[in-house]
Amino acid sequence: MIHHIELYVSKLKKSIEFWGWFLEELGYSVYQKWDKGQSWKLDETYIVFVQAEERFLDIPYHRCRVGLNHLAFHAHSREHVDEMTAKLEERDVQILYKDKHPFSGGPQHYAVYFEDPDRVKVELVAPGSGGEIK
């Protein structure tokens with residue numbers, strides 16, 4: 001089990017707005033808050049978002065570079081994936097791989113893919129889905 005994940009972000013307020021509703025929909029609750037960061041916790045795992053220092057903002061994040069490609073979260077069901085997809089669209093969040101959605105990861109992989117404000121790819125995957133092939 002992962003203890004915590006910490007992500008540096010370019011605009012903390014925007015990331016908190018984006019991630020807050022999503023994580024709370026999945027059952028996470030606010031865990032820590034301070035001037036330059038905030039975290040949400042579910043069970044023993046927490047996710048932290050910290051404002052990156054100005055001097056490190058010159059090169060934007062890209063998931064195809066060395067480092068994190070994406071974060072994948074468990075959905076409760078296929079219906080949960082569908083509900084969250086609708087909520088994402090209501091918030092004008094672009095669904096990735098729309099032409100193959102919800103089977104973008106293959107015929108046995110039911111999920112929705114999207115990006116956070118810094119373009120970190122996020123996946124919400126239904127139970128029983130096979131390994132992702134993207």
Side-chain angles (χ1 to χ4, degrees):
M1 178 184 269
I2 291 177
H3 187 271
H4 72 276
I5 296 169
E6 185 169 322
L7 298 173
Y8 278 79
V9 298
S10 64
K11 295 180 179 121
L12 182 62
K13 183 179 179 193
K14 192 171 186 177
S15 290
I16 287 172
E17 289 171 6
F18 179 88
W19 282 99
W21 78 270
F22 178 73
L23 292 171
E24 289 168 20
E25 287 277 342
L26 298 182
Y28 287 76
S29 57
V30 173
Y31 178 49
Q32 302 160 316
K33 282 185 173 184
W34 66 101
D35 290 346
K36 300 204 185 240
Q38 186 165 328
S39 66
W40 284 264
K41 187 173 185 178
L42 178 63
D43 299 327
E44 297 301 314
T45 301
Y46 61 99
I47 301 173
V48 184
F49 300 90
V50 178
Q51 177 62 53
E53 292 180 31
E54 185 71 34
R55 64 188 173 126
F56 296 118
L57 294 176
D58 58 332
I59 302 174
Y61 168 82
H62 196 290
R63 69 176 177 263
C64 291
R65 291 190 179 111
V66 173
L68 179 73
N69 176 269
H70 72 281
L71 293 171
F73 295 85
H74 290 282
H76 304 298
S77 63
R78 286 184 171 208
E79 292 78 17
H80 189 213
V81 170
D82 295 339
E83 291 167 9
M84 291 299 285
T85 300
K87 289 179 180 183
L88 288 160
E89 291 175 329
E90 287 171 12
R91 292 174 164 271
D92 293 322
V93 175
Q94 180 182 349
I95 305 303
L96 300 176
Y97 323 118
K98 186 81 172 175
D99 60 325
K100 296 179 183 177
H101 173 77
F103 297 103
S104 304
Q108 303 301 316
H109 195 78
Y110 200 92
V112 60
Y113 298 86
F114 54 98
E115 292 178 328
D116 86 343
D118 284 307
R119 299 201 61 212
V120 173
K121 183 167 71 171
V122 183
E123 175 184 3
L124 181 64
V125 59
S129 294
E132 190 223 1
I133 59 172
K134 288 236 173 275

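Worth saying up front: this structure is predicted, and the values here are computed from it rather than measured. We're numbering straight along the sequence, starting at 1.
The heavy-atom pair separating Leu124 from His80 by the smallest distance is CD2-O, 4.5 Å. Smallest separation of non-hydrogen atoms from Ser15 and Asp118: OG-OD2, 3.9 Å. For the residue pair Tyr8 and Gln51, the shortest heavy atom distance occurs at CD2-O, 4.1 Å. Of all heavy-atom pairs spanning Gly37 and Leu12, the tightest one is N-CD2, 3.4 Å. Here the closest heavy-atom approach between residue Glu123 and residue Ala111 is recorded as OE2-CB, 3.8 Å. Shortest non-hydrogen contact noted between Val120 and Leu68 is CG1-CD2, 4.0 Å.
In this structure, the side chains of Tyr110 and Asp82 come closer than 4.5 Å at one or more pairs of heavy atoms. For the pair Leu42/Leu26, no side-chain contact is recorded, criterion being any heavy-atom separation below 4.5 Å from C-beta on. Contact of the Trp40 side chain with the Gln32 side chain is not registered, since no non-hydrogen atoms from C-beta on lie closer than 4.5 Å. Using a 4.5 Å heavy-atom cutoff, the side chains of Phe22 and Val122 are in contact.
Note: His109 NE2 to Phe103 CZ = 11.0 Å, rounded to the nearest 0.5 Å. With values rounded to the nearest 0.5 angstrom, Glu115 atom CD is found 8.5 Å from Tyr61 atom OH. For the atom pair CD (Glu17) and CZ (Arg91), the distance works out to 9.0 Å, reported to the nearest 0.5 Å. Distance check: Tyr28 OH to Thr45 OG1 gives 6.5 Å after rounding to the nearest 0.5 Å. Thr85 OG1 to Tyr113 OH: the interatomic distance, rounded to the nearest 0.5 Å, is 11.5 Å. Atoms CD1 and CZ, on Ile59 and Arg65 in that order, are 7.0 Å from each other to the nearest 0.5 Å.
No more than 12 heavy atoms of other residues, nucleotides or ligands shown are found within 6.0 angstrom of CZ on Arg119. His74 NE2: 12 or fewer foreign heavy atoms inside a 6.0 Å radius.
A chain of hydrophobic side-chain contacts below 4.5 Å, direct or via other Ile, Leu, Val, Met, Phe, Trp or Tyr residues, connects Phe73 to Ile2. Under a hydrophobic-cluster definition in which Ile, Leu, Val, Met, Phe, Trp and Tyr are linked whenever side-chain heavy atoms come within less than 4.5 Å, directly or via other members, Val50 and Ile5 are assigned to different clusters. In the hydrophobic clustering of this structure, Val9 groups with Trp21; members are Ile, Leu, Val, Met, Phe, Trp, Tyr whose side-chain heavy atoms approach within less than 4.5 Å, directly or through other members. Placement of Leu71 and Val93 within a single hydrophobic cluster is found when ILVMFWY residues are connected by side-chain heavy-atom separations under 4.5 Å, directly or transitively.
Between Phe114 and Phe18, the two ring planes are tilted [angle within 30° to 60°]. Between His3 and Tyr46, the ring-plane angle classifies as perpendicular under the 30° and 60° cut-offs.
Side chain to side chain, His76 and Glu83 fail the donor-acceptor criterion of an N or O pair below 3.5 Å.
The backbone N or O of Val48 lies less than 3.5 Å from no partner atom in the side chain of Gln38, so there is not a single donor-acceptor pair.
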